[in-house]
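Letters A, B, ... are given to chains in the order of the sequence lines, protein chains preceding strands, and every chain is numbered from 1.
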Amino acid sequence: MRQRHEFHVDSVRYLDEHGHPLDDLPSQASDTERVLAAYRNMVLTRTFDAKAIALQRTGKCGTYPSALGHEVIGTAIGQALAASDVFVPYYRDQATHLLRGVTLQEMLLYWGGDERGSAWQACPQDLPVAVPIATQCCHAVGVASAFRIRGEARAVLCCVGDGGTSKGDFLESLNLAGAWHLPVVFVAINNQWAISTPRRLQTGAETIAQKAIGAGLPGHVVDGNDYFASVDVLDAALARAHAGKGATLIEAVTYRLGDHTTADDATRYRDAEELRRAWDRDGVKRLRLWLHDQGLWNADLEQQWQAECKERVEQAVNAYLATEPEPATAMLDSLFETLPAALAGQRERLASRSGGGES
Amino acid sequence: MRQRHEFHVDSVRYLDEHGHPLDDLPSQASDTERVLAAYRNMVLTRTFDAKAIALQRTGKCGTYPSALGHEVIGTAIGQALAASDVFVPYYRDQATHLLRGVTLQEMLLYWGGDERGSAWQACPQDLPVAVPIATQCCHAVGVASAFRIRGEARAVLCCVGDGGTSKGDFLESLNLAGAWHLPVVFVAINNQWAISTPRRLQTGAETIAQKAIGAGLPGHVVDGNDYFASVDVLDAALARAHAGKGATLIEAVTYRLGDHTTADDATRYRDAEELRRAWDRDGVKRLRLWLHDQGLWNADLEQQWQAECKERVEQAVNAYLATEPEPATAMLDSLFETLPAALAGQRERLASRSGGGES
Amino acid sequence: MSGPDLRAVTLVEAVNLALHWEMAHDENVVVLGEDIATNGGVFRATVGLKEAFGYKRVMDTPLAENLIAGTAIGMATQGLRPVAEFQFMGFIYAGMEQIVSHAARMRNRTRGRLHCPLVYRAPFGGGIHAPEHHSESTEALFAHIPGLRVVIPSSPQRAYGLLLAAIRNPDPVLFLEPKRIYRAVTQQVDNNGEALPLDTCFTLREGEDVTLITWGACVLETLQAADRLAAQGITCEVIDVATVSPLDRDTLLCSVAKTGRAVIVHEACRNGGVGAEVAASIAEGAFLDLQAPVVRVTGYDTVMPYYRNEQAYLPQVGDIVEAVEQVIAL
Amino acid sequence: MSGPDLRAVTLVEAVNLALHWEMAHDENVVVLGEDIATNGGVFRATVGLKEAFGYKRVMDTPLAENLIAGTAIGMATQGLRPVAEFQFMGFIYAGMEQIVSHAARMRNRTRGRLHCPLVYRAPFGGGIHAPEHHSESTEALFAHIPGLRVVIPSSPQRAYGLLLAAIRNPDPVLFLEPKRIYRAVTQQVDNNGEALPLDTCFTLREGEDVTLITWGACVLETLQAADRLAAQGITCEVIDVATVSPLDRDTLLCSVAKTGRAVIVHEACRNGGVGAEVAASIAEGAFLDLQAPVVRVTGYDTVMPYYRNEQAYLPQVGDIVEAVEQVIAL
Ligand SMILES: Cc1ncc(C[n+]2csc(CCOP(=O)(O)OP(=O)(O)O)c2C)c(N)n1
Ligand SMILES: Cc1ncc(C[n+]2csc(CCOP(=O)(O)OP(=O)(O)O)c2C)c(N)n1
Ligand SMILES: [Mg+2]
Ligand SMILES: [Mg+2]
């Protein structure tokens with residue numbers, strides 16, 4: 001006697017590669033201000049990104065992970081989140097951070113090797129960048145649990161890369177989100193690569209979204225280069241979380257248009273032709289074309305905004321470069337709320353050495 | 001534009017609670033010798049189990065995890081595996097171990113606090129009992145990888161509890177099995193409880209089998225108290241693995257009829273009525289009824305076999321109780337192939353103390 | 001309340017008492033782990049909490065230590081004070097990445113913006129005839145992690161007072177409970193919500209001839225050894241380190257300045273155990289005071305044997321006595 | 001072959017050379033990890049292996065360190081000799097349960113029936129301007145684990161010879177590669193498949209006045225300090241511990257018996273570092289020889305700062321010189 005249990009995930013797209021609607025657009029498309037703000041954030045992110053890479057190349061910044069190709073989904077996430085929600089990022093979420101109020105200078109400090117780059121003023125409850133892959137997923141369910149325990153109608157949104165979806169942290173957290181009906185949205189940013197490892201080597205599953213099924217959660221694939229599809233799916237998932245209806249997994253399909261980080265050389269393992277085709281699907285261009293078609297944007301506006309972005313980034317870079325490093329004693333001062341007596345001697349030693357450099 | 005991606009798992013049953021076929025039985029049912037051997041192994045397991053608990057209660061054995069309720073699926077696994085396959089157990093697989101050739105005495109030694117209980121003679125490649133939950137799943141994919149690398153048509157079968165399916169090790173390994181098309185069968189023994197934690201608190205998923213979907217693998221639910229359903233699904237999954245067609249996840253639904261271990265008292269958290277209903281679904285009884293119906297078994301045969309089981313267990317217990325503990329130096333002698341010089345002094349010290357007891 | 005609420009309790013009951021007190025007095029305290037709610041914990045440490053404070057604050061988790069460790073971190077960043085249980089220390093390793101890379105670092109990483117006021121509890125140590133992995137004493141792994149406190153009570157009173165301190169501490173604490181003495185002795189505990197100081201050794205017994213330094217269950221054998229030695233006219237100062245990291249070196253050095261000799265006792269294996277740090281610190285800091293080498297009485301450098309041979313592994317009273325006699329002879 | 005195959009290589013190239021040699025000579029050797037096949041490893045340690053030995057033996061894994069650690073164990077039990085890479089030591093913690101509870105115990109658990117001839121490789125240590133978690137030196141966590149060897153090369157020749165020994169060793173080895181000196185120097189390596197001994201310190205320089213004990217990248221600064229001190233007339237014996245566990249105490253004690261003084265240098269934070277075990281062992285074993293306390297020059301007891309301040313954390317040549325002057329002055 002055989003019985004069948006059926007499951008599904010859906011996938012969503014609204015715009016084709018030329019910015020032409022494939023379908024009726026969702027209601028968010030009529031919110032012109034939101035769409036324009038989104039586009040502007042994408043361009044700002046891209047401008048910042050190029051500059052950070054340039055700084056690294058000239059020795060003025062550390063290893064930096066480019067967000068090229070992540071601007072659309074990152075922006076959609078930033079817009080979908082309420083200020084009172086908590087964002088749990090991985091390390092390629094610059095577009096979202098900007099909308100949360102993280103400053104360009106803070107981002108530069110962080111990648112420039114200064115811990116103060118995570119002391120975000122504008123979004124003090126957001127979690128900092130998580131370097132150990134997927135570990136942040138567990139924090140996300142913890143934050144969501146805190147909201148549920150306190151009866152707060154707040155939600156958590158957690159990003160993780162396609163590579164990260166292979167790691168236990170993600171899978172365990174997804175499972176808890178389902179078991180506990182937590183107000184959390186997981187966004188798996190599937191940019192097709194985990195450093196040199198292509199998506200197909202991460203999992204035999206056809207989609208990443210279907211990993212939701214094993215946790216009893218709804219899963220959606222969305223074109224992460226399609227702004228309207230992204231906001232539509234994100235808004236719905238966050239509404240669900242806010243309403244106490246539980247968690248969602250969204251797979252946002254995009255492409256890592258740059259190297260993994262400035263320490264990487266993707267030409268070693270990646271086909272030039274594949275990269276070229278990915279540029280055809282670039283979501284920033286796609287939204288710009290749509291805005292042009294709507295008469296909401298033009299070359300002049302583009303030029304003005306690009307100039308403004310450059311100016312803002314330039315200012316942030318100057319402020320960043322003018323920032324003195326912390327004193328060496330800082331390495332002990334935030335370790336505990338109060339320095340334990342056992343460490344007093346070490347702090348004295350640090351304090352007594354000028355900057356702690358070579359003697 | 002929405003698209004749907006569909007998935008399913010199936011569930012399989014052949015016998016009702018009274019041992020009456022619900023459907024045409026699979027071909028394995030006509031292999032009378034196999035079925036009788038299966039039934040005998042179930043009874044032997046149950047006899048051993050009761051004795052081990054009794055030994056623990058009288059201080060002659062350590063904490064012991066009863067296999068009560070696991071005899072059918074465990075036996076089906078033991079029969080489905082080829083001798084050249086590798087079995088990767090968790091800690092409640094006594095029925096399977098017996099069919100692999102592990103001796104009753106070895107099992108007693110192990111639970112009696114003696115490492116020699118894992119030095120199995122009959123199945124030297126099988127992995128030992130894994131106490132840290134789900135960790136063995138990673139070993140299973142490693143063993144399966146070794147077979148694939150060497151081009152051997154051998155398979156691996158790995159057991160894990162329902163509780164264990166929440167742990168990253170299981171989920172990561174399932175994913176690798178899918179990504180690498182490994183010759184491995186995972187059997188999630190869903191006995192409804194993980195110590196005091198009911199199945200519904202482990203996951204929001206309707207079935208455990210559907211966790212296969214996220215790894216791109218076929219998943220099956222099987223009634224683990226239904227011998228015919230179990231062998232049918234297991235034989236098919238192992239045939240698939242032997243043929244190089246990849247991995248399978250099987251959820252074997254059963255019930256832990258005893259306490260979690262002898263250190264546990266399930267009445268604290270478990271409803272007596274639930275337990276009573278579970279006994280109605282006992283698979284050993286079910287197979288016995290079927291055998292009776294076929295004229296293959298009767299009260300006399302039952303009595304004879306029970307007596308033989310008792311006798312075998314008694315002999316093993318005597319041998320076990322007569323086994324001297326290892327000398328204290330044994331704690332160093334199997335740590336490395338050759339004792340490093342750094343440990344020579346410690347070994348001397350152990351050797352110089354009689355038995356290493358209180359001085 | 002009228003008069004002190006004195007109770008004769010075991011160590012594990014003291015843990016339970018402290019949890020009850022703190023959950024009643026701070027609604028941010030929540031408890032999570034495997035089998036801790038309905039079942040009250042496999043050692044009964046959390047019994048009654050679910051009934052008193054509800055399932056929202058007392059949570060049975062799915063079986064995943066990494067998840068437990070990380071979920072507690074997420075909760076802690078939002079102002080809760082989670083107390084998460086690892087059912088046995090032998091199962092803590094899956095949570096290691098979360099503990100090392102996040103719990104211990106969140107405050108430093110964010111320069112104080114977020115922090116992790118959480119407690120990880122775990123029963124630890126051998127001697128209870130348990131199966132493999134149920135007898136771990138790997139406190140040294142955690143003592144080496146900056147940003148983490150490792151606290152080990154060795155009596156009901158210290159279990160009560162130190163656990164309260166750990167929960168109230170604004171930074172992460174690994175609280176290791178010596179399960180061999182969970183029920184070994186009963187002590188009067190005043191259930192008054194008063195914490196004991198962290199980062200401080202407790203001098204359990206004063207003496208002149210040698211300083212015995214220990215923690216956890218070995219405190220029992222060490223005190224017994226001190227008794228035996230007293231009968232021989234050797235007086236031992238016995239120190240329970242209690243917070244094995246950060247280490248209260250001052251108390252240890254002061255004592256050795258007086259006695260000139262130190263014997264360290266721990267159950268964990270010797271190589272790289274916390275005893276190494278204690279010995280190194282004394283050998284460096286009390287170099288001129290020492291009349292004999294600092295000696296360690298410890299477990300062997302091997303996996304804790306299954307229970308038939310576990311006593312051969314564990315430090316015995318006789319071993320401690322012998323070590324003291326040795327250093328006194330010098 | 002005709003004549004020695006001498007090559008001037010860096011440490012990381014020596015690792016690559018050893019992997020090539022052993023894969024060519026033992027078909028049971030397989031290599032797995034993140035980005036190690038097609039990309040040749042983020043530090044290029046495995047470059048060329050996939051091309052030479054095929055994807056079957058050189059495997060890019062999904063991103064999961066626990067899985068990598070455990071898969072290698074499964075392979076090893078079946079007679080393969082896996083060499084698994086953790087991309088950075090900062091990401092090893094997720095694999096901790098597999099390493100501690102299985103790799104290190106399989107032989108003991110099964111009384112020799114199964115064993116784990118595997119190598120876990122990981123680049124470790126700071127000083128390369130990397131982001132957080134890319135600068136770990138937590139060798140002490142693993143040195144405390146019975147059943148596990150922890151081996152750290154500090155030159156191209158030792159990287160070559162010790163890695164061959166590690167792969168051929170029938171038991172699990174954690175092979176930590178000091179990435180700060182991956183390309184610091186070039187050395188002639190004879191690519192002849194000859195292993196160097198494990199469990200043995202290497203005396204890099206003989207001296208009379210003080211023994212400097214170190215390992216990994218700090219060997220560089222320690223040798224520089226020895227040079228500076230030589231100019232002041234102080235001769236240092238410099239020992240590269242190389243196998244930090246099990247520890248070759250004999251070599252250390254012999255040296256200290258001669259010099260009467262020891263300074264230990266390591267990059268890991270001090271509290272509970274391997275230096276503690278070394279210091280404790282010397283303080284105990286060479287008590288009567290010591291003319292000064294054993295001093296440790298180490299990182300601070302904190303998280304490695306992000307790179308703007310990492311030099312302030314790392315032991316510098318001047319720190320070592322200062323410590324030696326101190327112990328000499330006593
Ligand atoms: C636990 C862990 N392992 C390894 C690394 C090294 N590493 C950094 S990024 C990366 C790939 C991540 O890929 P993915 O999750 O797809 O994110 P993407 O970089 O593509 O955005 C790896 C392996 C890490 N940071 N953490
Ligand atoms: C990693 C780990 N965590 C916790 C435990 C303690 N423990 C032993 S059995 C068990 C429950 C396991 O339940 P399940 O996987 O369903 O198997 P079952 O015992 O029901 O057969 C727990 C929590 C353990 N052995 N390993
Ligand atoms: Mg990716
Ligand atoms: Mg179960």
Side-chain angles (χ1 to χ4, degrees), chain B residues 86 88 114-121 123-132 134-152 154 156 158 167-169 171-173 175-176 178-180 184 326 330-343 345, chain D residues 27-28 30 32 54 56-57 59 61-80 82 84 94-95 97-98 100-102 104-115 117-118 146-149 169-172 198-200 243 245-250 281:
Chain B
V86 165
V88 181
D114 189 321
E115 284 82 352
R116 288 170 297 182
S118 296
W120 302 334
Q121 300 294 312
C123 47
Q125 292 315 115
D126 280 5
L127 264 66
V129 165
V131 171
T135 50
Q136 73 278 9
C137 300
C138 302
H139 309 160
V141 290
V143 175
S145 299
F147 295 164
R148 219 197 39 166
I149 290 166
R150 292 197 294 237
E152 297 170 353
R154 297 161 68 190
V156 183
C158 175
K167 194 155 174 278
D169 306 65
L171 298 160
E172 291 177 350
S173 301
N175 188 55
L176 187 73
W180 287 7
V184 57
E326 292 186 295
M331 75 173 80
L332 284 172
D333 289 340
S334 289
L335 192 61
F336 296 99
E337 189 185 58
T338 318
L339 193 76
L343 295 180
Chain D
E27 65 176 12
N28 287 317
V30 299
L32 66 157
K56 263 202 175 168
R57 291 178 62 199
M59 294 159 269
T61 64
L63 205 169
E65 282 73 12
N66 174 59
L67 180 69
I68 292 170
T71 300
I73 293 168
M75 290 173 170
T77 64
Q78 305 303 311
L80 293 183
E97 180 165 46
Q98 290 290 349
V100 172
S101 299
H102 293 302
R105 294 186 178 196
M106 192 61 81
R107 180 190 290 279
N108 184 65
R109 173 180 302 144
T110 61
R111 285 296 182 255
R113 179 169 66 83
L114 296 172
H115 65 289
L118 59 77
L148 191 66
R149 278 189 169 77
N169 191 275
D171 290 303
L198 301 178
D199 304 358
T200 306
T243 300
S245 180
L247 188 60
D248 170 13
R249 291 181 181 81
D250 291 346
S281 296

(request) Mind ranking Arg105(D), Met106(D), Arg109(D) by heavy-atom pairs under 4.5 Å with chain B and telling me who comes out on top? (result)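 Highest number of heavy-atom pairs under 4.5 Å: Arg109(D).
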(request) For chain B, find which of Arg249(D), Glu97(D), Arg57(D) contributes the most heavy-atom pairs closer than 4.5 angstrom. (result)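 Heavy-atom pairs under 4.5 Å are most numerous for Glu97(D).
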So for [X], is it side chain, backbone, both, or neither that comes closer than 4.5 Å to the heavy atoms of chain B?
X: Asp199(D); answer: side chain
X: Leu198(D); answer: neither
X: Pro170(D); answer: side chain
X: Ser101(D); answer: side chain

Please look at [X] and chain D and tell me whether the side chain, the backbone, both or neither of the residue comes under 4.5 angstrom of a heavy atom of that chain.
X: Asn175(B); answer: side chain
X: Ala119(B); answer: both
X: Leu343(B); answer: neither
X: Cys123(B); answer: backbone
X: Val86(B); answer: side chain

Between [X] and [Y], what is the shortest heavy-atom contact and its length?
X: Met75(D); Y: Ser145(B); answer: CE-CB, 3.5 Å
X: Leu335(B); Y: Ala104(D); answer: CD1-O, 4.4 Å
X: Leu114(D); Y: Gln125(B); answer: CD2-NE2, 4.0 Å
X: Asn108(D); Y: Ala330(B); answer: OD1-O, 4.4 Å
X: Ile149(B); Y: Lys56(D); answer: CG1-O, 3.4 Å
X: Leu67(D); Y: Glu172(B); answer: N-OE1, 3.3 Å

(request) Identify which of Glu326(B), Arg116(B), Arg148(B) forms the greatest number of heavy-atom pairs closer than 4.5 Å to chain D. (result)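 Ranked by contacts with chain D, first place is Glu326(B).
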(request) Just do the side-chain contact (heavy atoms from CB on, under 4.5 Å) check on Ile73(D) and Cys138(B) with the steps written out, would you? (result) CA-CA 8 Å; Ile73(D) 293 168; Cys138(B) 302; over 6 Å; no
Taking [X] for the side chain and [Y] for the main chain, is one N or O donor matched with an acceptor at less than 3.5 Å?
X: Asp171(D); Y: Glu337(B); value: yes
X: Gln78(D); Y: Ala146(B); value: no
X: Arg113(D); Y: Pro124(B); value: yes

(request) Indicate whether any N or O donor in one side chain lies under 3.5 Å from an N or O acceptor in the other, for Gln136(B) and His102(D). (result)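 Gln136(B) vs His102(D): no donor-acceptor pair found between side chains.
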(message) Taking atom CD as the centre, does Glu27(D) end up with more than 12 heavy-atom neighbours from other residues, nucleotides or ligands that are less than 6.0 angstrom away?
(response)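 Open.
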(message) Can you tell me how far apart CG (Asp126(B)) and OG1 (Thr110(D)) are? Round to the nearest 0.5 Å.
(response) 12.0 Å
(request) Please list, chain by chain and in numerical order, all residues satisfying side-chain contact (heavy atoms from CB on, under 4.5 Å) with Thr61(D), sequence neighbours excluded. (result)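 In terms of side-chain contact (heavy atoms from CB on, under 4.5 Å), with neighbours along the sequence ignored, Thr61(D) is linked to Trp180(B), Leu32(D), Glu34(D), Ile68(D).
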